[in-house]
Engineer: 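After the structure tokens below, expect a handful of questions from me.
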Amino acid sequence: MKKYEICLHLMVPVICFAVMLGIFLPRDVFFDQIKYETTEPIEFVAGDGKIDINTASATTLGYLPGIGPSTAERIVKYRQIHGPFRRIEDLKKISGIGDATFAAIRKFIKIGE
């Protein structure tokens, strides 16, 4: 067997494995927990990359870990009724956001200046 044939026989399985790994692993393995697959703009506060919970849309809030579409809608509705959040901890007043969910999203949110 020639050198290039041996190399070819070794490289084909490695390339196939790499392709299969990319197809079957969930994207969250490679990226942080916020998902960016959206066509709508994400309302970040410039500089730190955190989401301002007083201005973000329900779509944007839905990209936070543990926050689904219905919880995101409840956040927006709460803001409309009670006004802007004064502290990020006030999110715990929303049904569906407990201590564990708040701990998961804390590093991704802020109150705008």
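The structure presented is a predicted model; accordingly, all values stated were derived computationally and were not measured.
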Engineer: Calculate, to the nearest 0.5 Å, the distance between atoms OG and NZ belonging to Ser70 and Lys77 respectively.
Structural biologist: 11.5 Å
Engineer: Can you list, pair by pair, the side-chain donor-acceptor contacts under 3.5 Å of residues 84-98, counting residues two or more places apart and other chains?
Structural biologist:
residue : atom : partner : partner atom : Å
Glu89   : OE2  : Arg106  : NH2          : 2.9
Asp90   : OD2  : Arg86   : N            : 3.4
Asp90   : OD2  : Arg87   : N            : 3.3
Lys92   : NZ   : Asp99   : OD1          : 3.2

Engineer: Can you measure from CD1 (Ile51) to CD1 (Ile111) and round to the nearest 0.5 angstrom?
Structural biologist: 12.5 Å
Engineer: Test of understanding: with side chain to side chain donor-acceptor pair (under 3.5 Å), list the residues that count as partners of Thr101, not counting sequence neighbours.
Structural biologist: none
Engineer: How close do Leu61 and Ala72 get, heavy atom to heavy atom, and via which atoms?
Structural biologist: CB-CB, 3.9 Å
Engineer: Let me confirm one number: the CD-CD1 distance from Gln80 to Ile75, rounded to the nearest 0.5 Å.
Structural biologist: 12.5 Å
Engineer: As an exercise, state the distance from CZ of Phe108 to CD1 of Ile67, rounded to the nearest 0.5 Å.
Structural biologist: 11.5 Å
Engineer: Any side-chain heavy-atom pair from Ile105 and Pro65 closer than 4.5 angstrom?
Structural biologist: yes
Engineer: Any side-chain to backbone donor/acceptor pair from Arg79 onto Ile53? Under 3.5 Å, distance only.
Structural biologist: yes
Engineer: What pair of heavy atoms forms the shortest contact from Lys50 to Lys107, and how long is it?
Structural biologist: CE-O, 3.3 Å
